[in-house]
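Along the sequence shown, residues are numbered consecutively beginning with 1. Just so we're clear, the structure is a prediction, and the values are computed from it rather than from any experiment. Counting starts at 1 for both ligands and their atoms, following the listed order.
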Amino acid sequence: MYGVTSVVGIEGGYKGFYSRNTVPLTPKLVNDIHKRGGTILGTSRGGHDTSKIVDSIKDRGINQVYIIGGDGTQKGASVIYEEVRKRGLKCSVVGVPKTIDNDIAVIDKSFGFDTAVEEAQRAIDAAHVEAESAENGIGLVKLMGRNSGFIAMYATLASRDVDCCLIPESPFYLEGKGGLLEFIEKRLKDNGHMVIVVAEGAGQDLIAKSMSFVDTLDASGNKLLLDVGLWLSQKIKDHFKKKRNFPITLKYIDPTYMIRAVRSNASDNVYCTLLAHSALHGAMAGYTGFTVAPVNGRHAYIPFYRITEKQNKVVITDRMWARVLCSTNQPCFLSHEDVENMKHDDDEHHLHNTQLLGCDSSPVKGSSKCNGSREAV
Ligand SMILES: Nc1ncnc2c1ncn2[C@@H]1O[C@H](COP(=O)(O)OP(=O)(O)O)[C@@H](O)[C@H]1O
Ligand SMILES: O=P(O)(O)OC[C@H]1O[C@](O)(COP(=O)(O)O)[C@@H](O)[C@@H]1O
């Protein structure tokens with residue numbers, strides 16, 4: 001449609017810009033990739049040398065860069081965009097949101113999230129079957145979600161077999177009145193079995209405290225998480241060991257990488273096609289410095305700085321989390337005062353202009369400075 005003759009891929013994440021050769025992405029090569037999990041280009045954490053990346057873009061004569069990934073990746077794209085702009089290069093920089101965590105701000109959802117929620121059902125089903133088949137059976141499933149509990153929340157709502165959902169945004173405690181262990185005991189007495197879903201970032205403070213752990217970071221600067229699933233399993237087992245006449249059977253399932261590695265489902269495939277079309281049309285129309293995604297159902301070009309200013313998290317004072325509490329009937333582990341303190345400040349709803357390739361830093365609506373380029377609000 002646009003007469004493009006060469007599309008190349010950068011292998012191995014950001015560092016691939018300056019440590020690898022490019023791979024030609026021909027129609028034949030990419031023909032079947034939507035039927036596979038993972039990425040044919042490879043991925044990595046770390047390696048963001050902005051100057052070397054932009055040198056590589058310039059030296060290779062690249063005039064459009066599409067960068068696919070989560071919130072960290074979008075931050076990296078934003079920095080590249082700023083450098084491209086500073087150097088006055090005629091190159092569009094476009095972000096495409098892909099992360100199963102759904103932690104990218106502003107947008108309705110990221111590519112991969114639907115698939116992850118769907119695949120998580122299989123693990124929850126298994127946990128339920130195992131729990132139901134044993135005396136006081138507990139099925140514990142750990143799902144991904146470093147800082148955001150969206151997968152756990154939606155998987156819980158979708159399944160309706162979950163008795164308790166623990167996410168990073170909602171602190172919980174184990175011991176004493178109103179604590180998790182008391183709830184587990186009650187649910188087992190009432191139902192004879194239960195399923196717990198825990199997001200990997202949940203309860204990290206509790207674990208760190210109980211293990212006097214010192215923070216370590218991964219290559220991207222993300223805090224390395226302690227295994228909440230194993231920790232919780234042990235705590236539950238220890239608790240019931242102390243109880244007389246209360247034998248439990250706990251099965252811990254960690255399907256995290258199996259969930260991230262599956263091929264995308266039909267709804268994500270369609271979504272991905274729309275993202276690709278919007279991204280391409282945006283860059284071809286002369287836009288740059290944006291992430292493409294639906295916002296309230298309409299595909300939009302969102303300036304990077306709106307995407308990177310915060311992370312998308314479950315707001316536990318909103319209705320969706322209330323629906324989870326309603327569906328599981330679990331305690332919220334918070335006092336009224338805690339909830340009041342947590343009520344988040346509403347976003348400022350300013351209108352911001354998307355930056356255009358070849359414009360100065362503050363494009364003015366209708367400005368003639370943006371020759372040949374358009375402007376979106
Ligand atoms: N603030 C930042 N500035 C520049 N680059 C960043 C920034 N944050 C992340 N990146 C780059 O994006 C990469 C991916 O980020 P990471 O958090 O690992 O994954 P995700 O994109 O899934 O959130 C990092 O390894 C780094 O190269
Ligand atoms: O062990 P790795 O490869 O660093 O991945 C673990 C991380 O990946 C994430 O699922 C995010 O993955 P994606 O953004 O690639 O979908 C986090 O929740 C998790 O902490």
Side-chain angles (χ1 to χ4, degrees), residues 10-19 37-39 41-54 56 65-84 93 95-105 107 109-120 123 142-155 167-169 197-204 215-229 254-264 268 271-272 291 293 304-305 307-314:
I10 303 294
E11 287 187 309
Y14 280 123
K15 59 172 80 98
F17 271 106
Y18 46 85
S19 62
T39 155
L41 289 174
T43 180
S44 70
R45 300 203 187 272
H48 201 280
D49 187 326
T50 311
S51 184
K52 282 196 199 170
I53 290 171
V54 178
S56 154
V65 187
Y66 298 91
I67 300 176
I68 303 163
D71 72 311
T73 303
Q74 305 302 315
K75 282 184 195 149
S78 171
V79 174
I80 292 170
Y81 158 70
E82 294 299 342
E83 181 63 20
V84 163
V93 182
V96 181
K98 189 294 319 174
T99 166
I100 64 167
D101 286 358
N102 198 35
D103 57 1
I104 301 176
I107 69 174
K109 69 173 174 184
S110 52
F111 169 66
F113 174 64
D114 263 1
T115 305
V117 171
E118 189 174 312
E119 190 63 16
K142 184 175 79 169
L143 299 175
M144 277 186 177
R146 180 189 290 281
N147 301 310
S148 308
F150 288 103
I151 302 177
M153 177 166 89
Y154 276 79
I167 58 170
E169 295 88 339
V197 163
V198 61
E200 62 175 339
Q204 290 296 314
D215 283 353
T216 43
L217 305 177
D218 71 10
S220 291
N222 302 312
K223 203 167 111 178
L224 278 177
L225 300 177
L226 298 158
D227 193 325
V228 64
D254 178 352
T256 46
Y257 291 103
M258 292 179 76
I259 287 174
R260 191 171 66 174
V262 291
R263 64 179 271 180
S264 50
D268 259 332
Y271 179 44
C272 192
T291 295
F304 281 140
Y305 65 91
I307 291 284
T308 56
E309 62 195 1
K310 63 179 192 166
Q311 207 174 27
N312 191 27
K313 294 199 180 196
V314 173

Checklist entry - Any donor-acceptor pair under 3.5 Å linking the side chain of Glu169 with the backbone of Val314? => result yes
Return the closest protein heavy atom for [atom] as residue, atom name and distance.
| atom | result |
| --- | --- |
| atom 19 (C) of ligand 2 | Glu200 OE2, 2.9 Å |
| atom 3 (O) of ligand 2 | Arg260 NH2, 2.8 Å |
| atom 1 (O) of ligand 2 | Tyr257 OH, 2.4 Å |
| atom 7 (C) of ligand 2 | Arg45 NH2, 3.6 Å |

Checklist entry - Using a threshold of 4.0 angstrom between heavy atoms of the protein and any atom of ligand 1, which residues qualify? => result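 Around ligand 1, where the cutoff is 4.0 Å for heavy atoms, the contacting residues are Tyr14, Arg45, Gly46, His48, Gly70, Asp71, Gly72, Thr73, Lys75, Gly76, Val79, Ser220, Asn222.
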Item to check | Spacing of Ile10 atom CD1 and Ile68 atom CD1 [to the nearest 0.5 Å] | outcome: 11.5 Å
Taking 4.0 angstrom as the limit and counting only heavy atoms of [X], give me the atoms of ligand 2 inside it, by number and element.
| X | result |
| --- | --- |
| Gly145 | 18 (O) |
| Asp101 | 9 (C), 10 (O), 11 (C), 17 (C), 18 (O) |
| Thr99 | 13 (P), 14 (O), 16 (O) |
| Lys98 | 13 (P), 15 (O), 16 (O) |

Checklist entry - How are the rings of Tyr14 and Phe17 set to each other: parallel, tilted or perpendicular (split at 30° and 60°)? => result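 Parallel.
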Checklist entry - Out of Thr43, Asp71, Ile100, who gets a non-hydrogen atom closest to atom 16 (O) of ligand 2? => result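 That would be Ile100.
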